[in-house]
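What follows is one structure encoded as C-alpha cells, with my remarks underneath.
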Amino acid sequence: MAFYVYIVASQRNGTLYIGSTDDLIARISQHKAGALGGFTARYGVTHLVWFEMHGSRDDAFRRERQLKKWKRRWKLQLIEETNPDWLDLFDTVRLGGLKNASDWVPACAGTSGNEKDL
C-alpha cells in the first residue's frame with residue numbers, strides 16, 4: 001500500500017497546506033469539495049501542486065512533519081522543481097496517463113459482456 005505526502009495551494013505562491021494520506025485521490029477530492037472544513041476550506045486551498053509516495057504510513061508522516069518545519073521559500077522551491085507552472089495535478093493523478101476524462105474507454109467497450117465474445 002502506498003502513502004502520500006502532498007501540498008495543496010490556493011493559487012501560485014498562495015496559501016499552502018501540507019498533509020499525508022493513504023488515498024490521494026479521495027483526500028484531494030475532499031479538499032476540493034470543502035468537506036474537511038477548517039484551514040483548507042477557509043482559505044480555498046484546493047490545488048494539488050506537489051506530492052510524493054512513501055512505502056509506509058510512518059515514513060509519510062515523518063516527511064509531512066519535516067516539510068511543515070521548512071521555511072516557506074524551501075516549500076516553494078520544492079513545488080517549482082517538479083511543477084514550475086503550478087498546475088493542479090489532481091486530474092493527472094486521477095486519470096493516470098490520460099489527458100482528460102474523454103480519453104477514457106471502459107475495459108468492456110465494444111463487447112457484449114459475454115465471455116465467449118472476448
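Predicted model only: the values in this text are computed from it and were never measured.
Trp50 is not connected to Val93 by any chain of hydrophobic side-chain contacts under 4.5 Å among Ile, Leu, Val, Met, Phe, Trp and Tyr, and they are in different clusters. The hydrophobic cluster containing Val8 also contains Met53, counting ILVMFWY residues as joined when their side-chain heavy atoms lie under 4.5 angstrom apart, directly or transitively. Note: the hydrophobic cluster containing Leu78 also contains Leu16 (ILVMFWY, side chain heavy atoms under 4.5 Å, direct or indirect links). By the criterion of side-chain heavy atoms lying less than 4.5 angstrom apart, applied directly or through intervening Ile, Leu, Val, Met, Phe, Trp or Tyr residues, Leu24 is grouped together with Leu89 in one hydrophobic cluster. Residue Phe3 is not grouped with residue Val5 when hydrophobic side chains (ILVMFWY) are merged at heavy-atom distances under 4.5 angstrom, including chains of intermediate members.
With sequence neighbours left out, the salt bridge (charged side-chain N to carboxylate O under 4.0 Å, His left out) criterion links Asp22 to Arg57. Judged as a salt bridge (charged side-chain N to carboxylate O under 4.0 Å, His left out), and not counting sequence neighbours, Arg65 has no contacts. When the side chain to side chain donor-acceptor pair (under 3.5 Å) test is applied to Thr21, no partner is found at least two apart in sequence or on another chain. In this structure Asp58 satisfies the side chain to side chain contact (heavy atoms under 4.5 Å, CB included) test together with Ser56, Arg62, sequence neighbours excluded. Residues satisfying the salt bridge (charged side-chain N to carboxylate O under 4.0 Å, His left out) test with Arg63, not counting sequence neighbours, are Glu52. With sequence neighbours excluded, the residues forming a ring-ring contact (aromatic ring centres under 6.0 Å, His included) with Tyr43 are Phe39, listed by chain and number. Every side chain to side chain donor-acceptor pair (under 3.5 Å) that Gln30 has, sequence neighbours left out, goes to Arg27.
Atom OH of Tyr17 and atom OG1 of Thr40 lie 6.5 Å apart (nearest 0.5 Å). Rounding to the nearest 0.5 Å places CG of Leu76 at 8.5 Å from CD1 of Ile7. We find the CD1-OG1 distance between Ile28 and Thr46 to be 9.5 Å, quoted to the nearest 0.5 Å. Here Leu67 contributes atom CG and Ser20 contributes atom OG; the two are 10.5 Å apart, rounded to the nearest 0.5 Å.
Under the side chain to side chain donor-acceptor pair (under 3.5 Å) criterion, the residue pairs touching residues 70-84 are Glu80-Trp86, with sequence neighbours excluded. Pairs passing the side chain to side chain donor-acceptor pair (under 3.5 Å) check and including a residue from residues 2-16, sequence neighbours excluded, read Tyr6-His31. Identified under the salt bridge (charged side-chain N to carboxylate O under 4.0 Å, His left out) test for residues 28-49, with sequence neighbours left out: Lys32-Asp88.
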### Task
Verify side chain to side chain contact (heavy atoms under 4.5 Å, CB included) between Ile25 and Phe90, making sure each step is shown before the conclusion.
CA-CA 7 Å; Ile25 293 170; Phe90 178 69; 4.2 Å; yes
